[in-house]
Amino acid sequence: MDLTIGPLQFNWPAQQWADFYARIADEAPVDRVVLGELVCSKRLPFYADRIPDAIERLERGGKQVVLTSLALVTLPRERRAAAALFEDDAPEVEINDLTLMRWAGKTRPFSIGPLVNVYNEGTLRFLANKGARSICLPPELPFASVAGLAEAARAENVGCEVWAFGRVPLAISGRCYHARVHGLAKDSCQFVCDRDPDGLTVDTLDRQAFLTVNGVQTLSFNCVNLAGDIASLAGAGVSSLRLSPHSGDFVRVTKVFRSVLEGRTDGTGVDVELAALGPPMPFSRGFMFGATGAE
Amino acid sequence: MMPGMPIRQERLELVCPAGTPASLRGAVDAGADTIYCGFNDETNARNFPGLNFSRAEMAEGIAYAKARGAKVLVAINTFPRAGSEALWHRAVDDAFAASAHAVILADLGLLAHAAEKHPDRRLHLSVQAAAANADAINFYAEAFGVKRVVLPRILTVQEIAAINRDIDVETEVFIFGGLCVMAEGRCSLSSYATGKSPNMNGVCSPASHVEYREEGGDLVSRLGGFTIHRVEKAAAAPYPTLCKGCFAAGDYRGHVFEDPVSLDAVALIPQLAKAGVRALKIEGRQRSKAYVEAVVRAFRRATEAQAAGLPIPASELSRLTEGQQSTAGAYRKTWR
């Protein structure tokens, strides 16, 4: 089974961004790294000039590099940037908004990210026929669906990935909630989302941590962690696990997962170690194995 | 023509909800051009107990509408469950067998099925597909021959006009009723809290997971165990729709995502017509027959005024909106 690092979802300063990917390139035992801006096109200019170096270093480190699309493409400049992802000798593209299907399959290889609705075999086959190389399933899916889709993916000879670690993206909007809670509007947001390296916690009025706001994106407060389920996922035919970046020692997180994958560590015993490596956030596996996502 | 004389134009099509056969007949009689409804199962995004149509009711409803010059669209706009796609395929086949004018779909696999099996029939793209720009819409038009797209409720009027300049298919926009603040069809907030989601189950913040409780002097409403509202006992506790809840984030305490408002864009009808929109959609298949009739009558008057080039009558529908407050939503850029 492969390990993929998903695109950083949060707004980190450019230097921290560059340092993060340099360390991933040199130290993280992963197969693929998806990078680029997923959440908000206004963030990209701050680190766009760092991307070529990051790609080169990651490739030198033996990783396959994939560039993500935005999760929600609306503005003309966002549409132009989406089309530009398919220019010659660019890396593989991860489609996270179906807008990009307009250009997909014609020139560059592409894969499907977790924000595209792949809920059934018919959709998976449609995308495979269009040329998708691998598909990261929506984090909302229960295990029974994952098993069915993994089988269909194998039949179509495409990779099947699941969201295995990190706060889960739950919604995307035209409205920026970071701006809203700071009394600002999206167009004059002052980039306040950079104050929260793992997103801004949304508590219920009974002080229960519930959700996380990240600009126009809403995530879970809890962190998905399927380290203890790797055997069942492999048994179902899942071919890759997605680990989503957080602050702290994320390289160490990837090493823990690699160790479990290689059978050197028991996946059911790594929660305490994983919990110490990132921001305080309880673990969940409810979307796949429970009655609700938060479980 | 004399200066200042009203300019007649094509009346916008009024697309109205029906959760029951009685509502369908009521909407047709009140002046709806088109009715949209769904089968009574998980294939449609308003899968509520006691709502929606059996196969026989659908056929009768379509016949009733057709006899009075109205059209019926069948919404099959959830995402088929892996291993159970046949249920959704059958819904599409049955809708066309019952002479539906079109089906409203969101899922790529289901669109592929419908385009292949019913190449001569009309496919509409559901708002659940969240096609928010011309490239996305053109992809669906080219891949499946989609004839109309229901636009997501995250676009401004200017953006809608720009989209219409770049596409050949018709656009339909929401004009009144419940308001999603997230890109539709791409939201799993409800399943995070309750396990039931619009995409998979056709429900959002379902009543089965709602609990109202008195605590101290407060009335608390919870969804899946999470507190969504806490108000003084004397106040009316709003239904705990997750994205309209009251929360705390940093120093902010209030409606982090959206106030408990609903959409009323009646005043924007002339601009929407000018932006090239073909049809106006009223949300609310879960609403009563009386509600549907009142809203349809009001919007029929508004679209008659639009067609005649006259001022749109002021909205008389404020008493029907959720929480008694309404908004023009994303159609105005300041919403963002």
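Lettering follows sequence order; numbering is per chain, from 1.
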Quiz item: Closest heavy-atom contact between B/S191 and A/E140?
Solution: OG-OE2, 2.6 Å
Practice problem: Return the option, out of A/V118, A/L170, A/T218, A/V202, with the maximum number of heavy-atom pairs under 4.5 Å with chain B. | Solution: A/L170
Quiz item: Can you list the steps and then say if A/Q208 with B/T227 is a side-chain hydrogen bond (donor to acceptor under 3.5 Å, both in side chains)?
Solution: CA-CA 8 Å; A/Q208 183 180 12; B/T227 299; 5.7 Å; no
Self-check item: Expected output: side-chain A/N120 to main-chain B/R81 donor-acceptor under 3.5 Å
Solution: no
Self-check item: Nearest-0.5 Å distance, CG of residue B/L108 to CZ of residue A/R125
Solution: 13.0 Å
Practice problem: Kindly say whether B/G185 contributes a backbone atom to a donor-acceptor pair with the side chain of A/N117 at under 3.5 angstrom? | Solution: yes
Quiz item: Which one, B/A330, B/S188, B/A249, B/G195, leads in non-hydrogen pairs under 4.5 Å with chain A?
Solution: B/S188
Quiz prompt | Greatest number of heavy atom pairs closer than 4.5 Å to chain A - which of B/H89, B/H229, B/H209, B/H255 | solution = B/H255
Exercise. Measure A/F287 against the heavy atoms of chain B and call it side chain, backbone, both or neither at under 4.5 Å.
Key: side chain
Practice problem: Counting only heavy atoms closer than 4.5 Å, note whether B/L242 contacts chain A via side chain, backbone, both or neither. | Solution: side chain
Quiz item: Would a line drawn from the ring center of A/F221 to the ring center of B/Y192 be shorter than 6.0 Å?
Solution: no
Quiz prompt | Criterion side-chain contact (heavy atoms from CB on, under 4.5 Å) on B/V256 and A/V213, from CA distance to verdict | solution = CA-CA 9 Å; B/V256 167; A/V213 158; 4.0 Å; yes
Quiz prompt | Region of A/N222 that comes under 4.5 Å of a non-hydrogen atom in chain B | solution = both
Practice problem: Using non-hydrogen atoms and a 4.5 Å limit, figure out which bit of A/L127 sits close to chain B: side chain, backbone, both or neither. | Solution: side chain
Practice problem: Determine the interplanar angle of the A/Y177 and B/F257 rings, folded into 0 to 90°, and report it as parallel if under 30°, tilted if 30 to 60°, perpendicular if over 60°. | Solution: perpendicular
Quiz prompt | For B/A183 against A/L72, the heavy-atom pair lying closest together | solution = CB-CD1, 4.5 Å
Practice problem: Please state whether the side chain, the backbone, both or neither of B/H113 comes within less than 4.5 Å of a heavy atom of chain A. | Solution: neither
Quiz item: Would A/R79 and B/D166 count as a salt bridge (Lys or Arg N to Asp or Glu O under 4.0 Å) if you check the C-alpha gap in whole Å, the side-chain angles of each, and the deciding distance to 0.1 Å?
Solution: CA-CA 13 Å; A/R79 290 165 61 198; B/D166 286 347; 3.8 Å; yes
Exercise. Might you confirm whether atom CD of A/E156 has over 12 heavy atoms from other residues, nucleotides or ligands at distances under 6.0 Å?
Key: yes
Exercise. Check for a donor-acceptor pair, side chain of B/D135 on one end and backbone N or O of A/T99 on the other, with a separation under 3.5 Å.
Key: no
Quiz item: Are B/D107 and A/T123 close enough, and set up right, to give a side-chain hydrogen bond (donor to acceptor under 3.5 Å, both in side chains), and what steps lead you there?
Solution: CA-CA 7 Å; B/D107 179 65; A/T123 294; 2.8 Å; yes
Exercise. Could you go through the salt bridge (Lys or Arg N to Asp or Glu O under 4.0 Å) check for B/D259 and A/R180 one step at a time?
Key: CA-CA 12 Å; B/D259 304 322; A/R180 180 171 158 92; 3.3 Å; yes
Practice problem: Name the region of B/D218, side chain, backbone, both or neither, that has any atom closer than 4.5 Å to a heavy atom of chain A. | Solution: neither
Self-check item: Step-by-step side-chain contact (heavy atoms from CB on, under 4.5 Å) determination, B/L110 to A/Y119
Solution: CA-CA 11 Å; B/L110 193 57; A/Y119 283 85; over 6 Å; no
Quiz item: So what's closer than 4.5 Å to chain A heavy atoms on B/T194: side chain, backbone, both or neither?
Solution: backbone
Self-check item: Side chain / backbone / both / neither for B/E184 at chain A, heavy atoms under 4.5 Å
Solution: neither
Practice problem: Please report the C-alpha distance between A/D206 and B/R222 in whole Å, then the side-chain angles of each, then the deciding distance to 0.1 Å, and finally whether the side-chain contact (heavy atoms from CB on, under 4.5 Å) criterion is met. | Solution: CA-CA 10 Å; A/D206 290 332; B/R222 292 200 172 88; 3.0 Å; yes
Quiz item: Of all heavy-atom pairs between A/P142 and B/M200, which one has the smallest distance, and what is that distance?
Solution: CD-SD, 4.0 Å
Quiz prompt | Side chain / backbone / both / neither for A/A291 at chain B, heavy atoms under 4.5 Å | solution = backbone
Quiz prompt | For A/L149 against B/A82, the heavy-atom pair lying closest together | solution = CG-CB, 4.2 Å
Quiz item: For chain B, which of A/A71, A/A147, A/A179, A/C189 has the most heavy-atom pairs under 4.5 Å?
Solution: A/A71
Quiz item: Quick one: of A/L75, A/L205, A/L211, who has the most non-hydrogen atom pairs under 4.5 Å with chain B?
Solution: A/L205
Practice problem: With a 4.5 Å cut-off on heavy-atom pairs, point out which of A/R207, A/R175, A/E78, A/H182 contacts chain B the most. | Solution: A/R175
Quiz prompt | Region of B/I137 that comes under 4.5 Å of a non-hydrogen atom in chain A | solution = neither
Exercise. Mind listing the closest non-hydrogen atom pair of A/S173 and B/M182 along with its distance?
Key: CB-SD, 3.8 Å
Quiz item: Tell me, side chain or backbone of A/L200 under 4.5 Å from chain B's heavy atoms, or both, or neither?
Solution: side chain
Quiz item: B/F139 and A/L98: which non-hydrogen atoms are nearest, and at how many Å?
Solution: CD2-O, 4.2 Å
Practice problem: Sort out for me which of A/K186, A/R195, A/E121, A/E295 touches chain B most, counting heavy-atom pairs under 4.5 Å. | Solution: A/E121
Self-check item: Region of A/T201 in contact with chain B, defined by heavy-atom distances below 4.5 Å
Solution: backbone
Quiz item: Relative to chain A, which segment of B/R153 carries a heavy atom at a distance below 4.5 Å: side chain, backbone, both, or neither?
Solution: neither
